Novice: 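The structure that follows is given in the form of structure tokens.
All of these numbers come straight from a predicted model, not from anything done at the bench. In what follows, chains carry the letters A, B, and so on, assigned in the order in which the sequence lines appear, proteins first and then strands, with residues in each chain numbered from 1.
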Amino acid sequence: MLENDRNQLHKLVEEALPELDMMIGWAESCDPLQTTPVFIRDAKSISKLTLGPFCSQNLAGYLVKPPALDAPPKPDAKPIGICVKGCDSRSLVALIQEKFITRDRVRIFGIPCRGTVDFRKVAQRVPLANVKSATMEGDSLVIDDSGTPLRLDLEEVLARKCLGCRYPNPVIQDVVIGQEAKPRSSSLAATYRDVAAMDAKPLEERLAFWQSELDRCIRCYACRNACPLCVCQDRCIVETREPRWLTQRVGIPEKFLFHFIHAMHLAGRCTGCGECERVCPMDIPVTLIKEKLNKIMEEMLGYSAGLDPEAVPPLLTFNPGETEI
Amino acid sequence: MRIGVFVCNCGTNIAGTVDTAKVASEALAFADVVYATNYMYTCSEPGQQEIQRAIGEYGLQGVVVAACSPRMHEPTFRRAVEKAGLNKYMFEMANIREHVSWIGNDREANTRKAVDLVRMAVGKLRFNQPLFSSKMPVNKRLLVIGGGVAGIQAALDCADGGVDVVMVERKQYIGGKMAQLDKTFPTIDCSSCILGPKMVDVSQKENITLYAASEIESISGYIGNFTVEIRKKTTYVNWDACTGCGACMEKCPAKKAEDYFNEGLGTARAINIPFPQAIPKKAVIDAQFCRQLNGKKCGVCAKICPVKAIDFEMKDTIVTEKVGAIIAATGYDLFDHSVYGEYGAGRLPDVITGIQYERILSASGPYGGHIRRPSDGKEPTEIVFISCVGSRDQSVGRPYCSGVCCMYIAKQAILTRDHLPESNSYVFYMDIRAPGKNYDEFVRRAQEEYGVQYIRGRVGKIYQRGDRMVVQGADTLLGVQVEVEADLVVLATGVESSSGAGELAEKLRISYDQYGFYMESHPKLRPVETNTAGVYLAGACQGPKDIPSSVAQGSAAASKVQSLFAHDMIETNPQVALVNERNCIACGKCIQVCPFGAIQWKELRGGIKKAEVLPSVCQGCGVCNATCPPKAVQLQHATDNQILAEVNELCA
Amino acid sequence: MKSGVNKRPELKRGNLMAVKIFIAADRLDSVLEKLATKIDLWIPALLKGDKSGPTGFVPYEVGKAPAFDRQTTLPLKKVLLPQEETLLRFEYKKDPEGAPKTTIALDDHREARPTLVFGARSCDVRALTTLDRVFANGPYVDPYYVERRKNTFFATLVCKENDVKCFCSSVGGGPADMEGSHLKIVQVDDGYVVEALTAEAQSLLDGLGDAPDAARDAKAAEMVKEASGRRVGDVDTQGCAEAFRNRFPQTDYWVQMVSQCLSCGVCTYVCPTCYCFSITDEVENLKGERLRSWDSCMFYHYTLEASGHNPRPTKLERYRNRVGHKFSYIPEKYEGLLGCCGCGRCIRSCPVSIDIRQVVGHLKENTNEQ
Amino acid sequence: MTDSSPRSSAPADETAATKQGIKIVGFLCNWCSYGGADTAGVCRFKQPTDLRVVRIPCTGRMDPLFIAKSLIYGVDGVLVSGCHPRDCHYAVGNFYARRRMEAFKAFLPFMGIDTQRFKYTWVSASEGQQWQKVVTEFSEQIHRLGPNPGVRLRSGDNSKVSSGLR
């Protein structure tokens, strides 16, 4: 099935490429459990494009990050092709909504998604050192580490964000590759299960949890840079001295404030793609922080980001009548 | 930075509960503070001279005064440091009087708090920058929105002063509610006799451009330089040609059109000039009732019109005007009494509103000035007036007093007695509010000379009995229930904000209260200014008002405009937002949130977009600064670094 | 501070008879506990509860289990080069009489305590040769680094198994490389054979255990032999310095190689040889500190000049600089020594799976074609 | 409230040291609440002395991150006050602020910071008495909570908590 989808993608990209500036997709990397983003400009590279549960990166951010951000497209520029999963498509909607990119600048190849693999979860079951290959067989992930092939249920190694996924199918697309996927969640409760579990803990435990988690933060800013909606990037206030919100110290307060800044700047904008958590080398559940704010936005203001290109993010507007928010 | 700190004793106001000498000596230990002292009255002439002396002697680059509220003396001290050669924004105040000495008696705690406040002020001052005003030209044209008596007064005053005036009125005639009135209290002079000449003046002044039957489409720009789009609504009559002869009205076969001017008491023709003295005296076709426009064959007016002014194909047009100031004089509407079930919920034909009664009283009204009741045209003999209908009633969301009803009821009762000497008038009232000049005397005349019976109490019920109505109420002074059998009931419907006031306020970017009345800058000291520079208020759009107050406000607003227009250039407030282009990521969020439209796109070489603040439009609220994710836009004098510095002094 | 600043810290290899002890796996904790009483002890350990969680070097605490099973997520450089360190403290002294003159008092007191890193890997220790060149060998000697360096000892594990991202052999090291180490640790079936490589190290082993029996000794020797023979990685770094220079102006090459880079600092922060730092003064009222903190050449702000100009404005220039630094500038400056230890951490932790081996490996290919 | 009421002042059993230590930062808009605080002063309405006021032009200027910064770095309480909704000097600044602060308030406890340490309210320039009430109640609340421990780790308090997440 995956093979068919891949062939279909190759065919569609081949047809579309002459009209495209380039095509952004995923390619295999040296690690069988992780792909690498690839930027295709010539037909002979199309075969590099791959699909499947290892295509974890959200590619939407590449459309707006420097240098693209600093140089506005020429009026006659051709559209950019891009592969998006359900969650990625919401980032794209948010970027269109915030006018970082126009709809006609992108040709969207929608990929219904059955979930992406969290390699750390694989590592809990098999030492990564010798993984030679990983393939999908039905709903199982088959790991070959030059011993007996190990069969893992895909569900058990899915990224945390996938478990409560409500939008596995792209919410915006020009073409769709493969068959529609079934949402794993249809309720707020299921989507925000981890948030609720956290909320249920006593305050002191929550503080201790974040102290312990954020203590590991090395301020490498991978979470920020991977976030498709962290559009400030090089201008981010966690690094500037003018204004000077943070020092170079690596104490817990600095790390808290850094993550507060990240979270508050995404309040009402975060589409929950989970990139910040995926890229964290220190395995800090940073997406969970944003999930809480997303939940607040849904419950308090009835807003879910990245679904409607016409909507105004809720903190950029107001309603005089909402006296009881 | 070399900072001087001056701690004021304010006599004993501060020194009574704060050890000012200790505050000064602790301040001297702060980084950058090179001079600190306390003084008996720092705001006094010698106190200011002490600051100026220290600036010279110690080469101070910034000054902190710990004294009263900056809302009190910040301007004083800014002037003082400016005189000594400092930029006036290199000054900070620590409020150790209203916020410290006056609210606690614990000298030790107060002193500690005062030291903290001084430390915060010093912390902020380290990040202060000299700020400078800029100048920009003023377009000396005025837009008056609303052609009621307040707007007319403002327009005429300004036009007399040589200002070009653009007046926009959404009805087809000017004069507003006053044009519908018969007589005015407390002098009983004829409303149209005193208003008419002013209306004529508006039409004849060469420097007044009148757009009637028009509405404001959009407003952009800022004080001195507004651009206004005006929507001229379709009238189906070419007003340039129309002479107001009225021939079309006579022949129009659609005779059952709504007569708005007469408050529905009569009927009008589909093509209509609402009253003989109307300015502009031009006909308008009511599309709802016109036969031709409703697909029936007609076109009588077009045939009869001697100047061929009728145009059934007419569409709305937009005209653009550029002005330097705006006066909003959009007036008021009247409360819809149908929410009161006890008064018949609008279903009893002989329960009418005060304004309808004005039309009945008026010689140019539907009954030619003869008092009759609408249901059967009979002359009433027993007439009941009920005050506070939609005023001072929390249950209908109108807790405020409309201010004019007590007076107009008295007037109408007097006039009723003049017209029908045999009639009896009764007034049900809560309180009598008659605080104006000769007002209370007027009400007394109604009671004493004209025998109007004032009954203090609310009416509980009105119902039909035969061809009369029974008005049941309480006389709370006598403590009895009363019942009056009435031929006619007049409800003193209260004043409410004009329909569409909110939408217009948003176009003007001014604030309004929960009832839709526009907010003045200061309820006492800046009653006709708004918080949007260059936008002024006149008349009842700001709150219920009678004619003299409206006229006074019209003149007041006009004088504000003329004092603005006395300058060729205006100075801008430098405490505005400023974009650091290097940090701007062109996300446009500041543009989206700015309540004043003060931020726009700017294009650099290579098509790179950046946000740009228009300093003359920016009011300095800082929403953009709070919103900007990379903090590229900073509100001058309340920058992130300045606020953080204050917070840091407390975290330390 | 003056002594020894111009020469590389001497790591004497003792001529004495090699001292070896055996530590049974179940005695490891008590041995570490004993060691910790002699010297400040650091061990590799889990930084987060689960077994696949991130790891790094931490000061030993009783009961803390060392994580020897895999390479740490974070390198050991922070033992010598903390992420944030206070270089000096200063305080403005005001004249109590209120005269405007202030004086300034400086305090650069520092203390380097003898420290042992138990369970380093050869790639990590080898990486210090790069740091030594920069901080210790002149012309600018960093006293903070040098003092810690002189007082720090390394007990290095012979690498039992590498993963697909390791390439130490390609850059001059190897799984059993003991360059710069003081103790050698060989994991045998039921424990560890630890061998002192220097005289100072020998005293550390005193009283910690007995010599291994012959079987274990033989097993250890066999494992060392296996590891020494294992070639890890196949990147051709021959002539990479020159190849890089040729590639430098070819924007297309860099576009092709690193378009996916996110410009984050992961690769540099997990890199044992990356040493870029920033110095900032943090002042609160009259007191202040001069801080040195990790910085990353992948950050925009790293090269941002006060004028607003940035010579490396995009990730392409920045990534190119990183490669150049490790594979061209350092070898050209320091007699061919590569600025990379082949640990593979940057590959492992890269959020978008950029593989520096490919970037380096392709430097030479078809140079003219690109 | 009356000055004679023992409950109107800080709890009596509190040591002088804690009393001295409590610091509350107040972000007050210039037009309404700062004026309200002035009015309270002019009327000599007695208030606890823990509050330190930062004057801002409008609550719309209030980035919730100022609150985060204050609480993370150990200020004991944060009080934000502005014009009543619809009375904003800048027409709508407090509408923006209301959403932002409400969301922030709901978010704070998730990170382990006591939401009771933050309050926002609306007080007009004429409401001196209301201001006294707000300050008194909030100060009492913060005194009950005691000094803000902030987020700093006490020494040796490293990774005690395991993640229950994956």
Novice: Within the supplied structure, the quantity of interest is the number of heavy atoms (other residues, nucleotides, ligands) at a distance under 6.0 Å from Lys287(C) NZ; does it exceed 12?
Specialist: no

Novice: So which part of Val38(A) gets closer than 4.5 Å to some heavy atom of chain C, the side chain, the backbone, both or neither?
Specialist: neither

Novice: So that I can tick it off, tell me whether Asp252(C) and Arg41(A) are bridged by a salt bridge, with the cut-off set at under 4.0 angstrom between side-chain N and carboxylate O.
Specialist: no

Novice: Between Asp281(C) and Arg244(A), which heavy-atom pair has the shortest distance, and what is it?
Specialist: O-NH2, 4.1 Å

Novice: Which one wins on heavy-atom pair count under 4.5 Å against chain A: Gly56(C), Gly53(C), Cys267(C), Ser293(C)?
Specialist: Ser293(C)

Novice: What part of Arg278(A) lies closer than 4.5 angstrom to a heavy atom of chain C: side chain, backbone, both or neither?
Specialist: side chain

Novice: Give me the atom names and distance for the closest heavy-atom approach of Leu262(C) to Tyr62(A).
Specialist: CD2-OH, 3.9 Å

Novice: Are any side-chain N or O atoms of Asn225(A) and backbone N or O atoms of Ser263(C), one a donor and one an acceptor, separated by less than 3.5 Å?
Specialist: yes

Novice: Which region of Glu282(C), side chain (C-beta onward) or backbone (N, CA, C, O), has a non-hydrogen atom less than 4.5 Å from a non-hydrogen atom of chain A, or is it both or neither?
Specialist: both

Novice: Counting only heavy atoms from other residues, nucleotides and ligands, does the tally under 6.0 Å from CG of Asp42(A) exceed 12?
Specialist: yes

Novice: Examine whether an atom of Gln71(C) lies under 4.5 Å from a heavy atom of chain A, and if so say whether it belongs to the side chain, the backbone or both; otherwise answer neither.
Specialist: neither

Novice: Is it the backbone or the side chain of Ile347(C) that comes under 4.5 Å from a heavy atom of chain A, or both, or neither?
Specialist: side chain

Novice: Would you say that Val279(A) contacts Val266(C) through its side chain, given a criterion of any heavy-atom pair below 4.5 Å between the two side chains?
Specialist: no

Novice: Would you indicate whether the side-chain heavy atoms of Gln248(A) and Ile279(C) approach each other to under 4.5 Å?
Specialist: no

Novice: Determine yes or no for a side-chain-to-main-chain donor-acceptor pair under 3.5 angstrom, with Ser353(C) supplying the side chain and Thr35(A) the backbone.
Specialist: yes

Novice: Nearest 0.5 Å please: distance from the NZ atom of Lys315(C) over to the CG atom of Asp234(A).
Specialist: 10.0 Å

Novice: Counting only heavy atoms closer than 4.5 Å, note whether Arg357(C) contacts chain A via side chain, backbone, both or neither.
Specialist: side chain

Novice: Just verifying a value: how many Å separate Asp163(C) CG and Cys30(A) SG, rounded to the nearest 0.5 Å?
Specialist: 9.0 Å

Novice: Of all the heavy-atom pairs spanning His301(C) and Thr240(A), show the shortest one and how long it is.
Specialist: CE1-CG2, 3.8 Å

Novice: What distance do Ser45(A) atom OG and Gln256(C) atom CD have between them, rounded to the nearest 0.5 Å?
Specialist: 7.5 Å

Novice: Just wondering, do Glu213(A) and Lys48(C) contact through their side chains at under 4.5 Å, heavy atoms?
Specialist: yes

Novice: For Asn162(C), which atoms come within 4.5 Å of any heavy atom of chain A: side chain, backbone, both, or neither?
Specialist: backbone

Novice: Thinking salt bridges, do Arg219(A) and Glu84(C) make one under a 4.0 Å N-O criterion?
Specialist: no

Novice: Other residues, nucleotides and ligands only: do more than 12 of their heavy atoms fall within 6.0 Å of CD on Glu226(C)?
Specialist: yes

Novice: Roughly how far apart are Met22(A) CE and Ser259(C) OG, rounded to 0.5 Å?
Specialist: 7.0 Å

Novice: What option among Arg241(A), Glu239(A), Arg249(A), Gln34(A) has the most heavy-atom pairs under 4.5 Å with chain C?
Specialist: Arg249(A)

Novice: Measure across Asp31(A) and Lys165(C) and return the closest heavy-atom pair with its distance rounded to 0.1 Å.
Specialist: OD2-NZ, 2.5 Å

Novice: Considering only heavy atoms, give the residues of residues 53-61 of chain A separated from chain C by less than 4.5 Å, sorted numerically, with 'none' for an empty result.
Specialist: Gln57(A)

Novice: Has Glu28(A) got more than 12 heavy atoms of other residues, nucleotides or ligands less than 6.0 Å from its CD?
Specialist: no

Novice: Which atoms form the tightest heavy-atom contact between Thr36(A) and Val352(C), and what is the distance?
Specialist: OG1-O, 2.6 Å

Novice: Leu74(C) versus chain A, heavy atoms under 4.5 Å apart: side chain, backbone, both or neither?
Specialist: side chain

Novice: So, for Asp283(A) and Pro54(C), which heavy atoms are closest and what is the spacing to 0.1 Å?
Specialist: CB-CD, 3.6 Å

Novice: Counting only N and O atoms by type, is there a donor-acceptor contact under 3.5 Å from the side chain of Tyr221(A) to the main-chain atoms of Gly265(C)?
Specialist: no

Novice: How many angstroms lie between atom CZ of Phe299(C) and atom SG of Cys236(A), to the nearest 0.5 angstrom?
Specialist: 10.0 Å

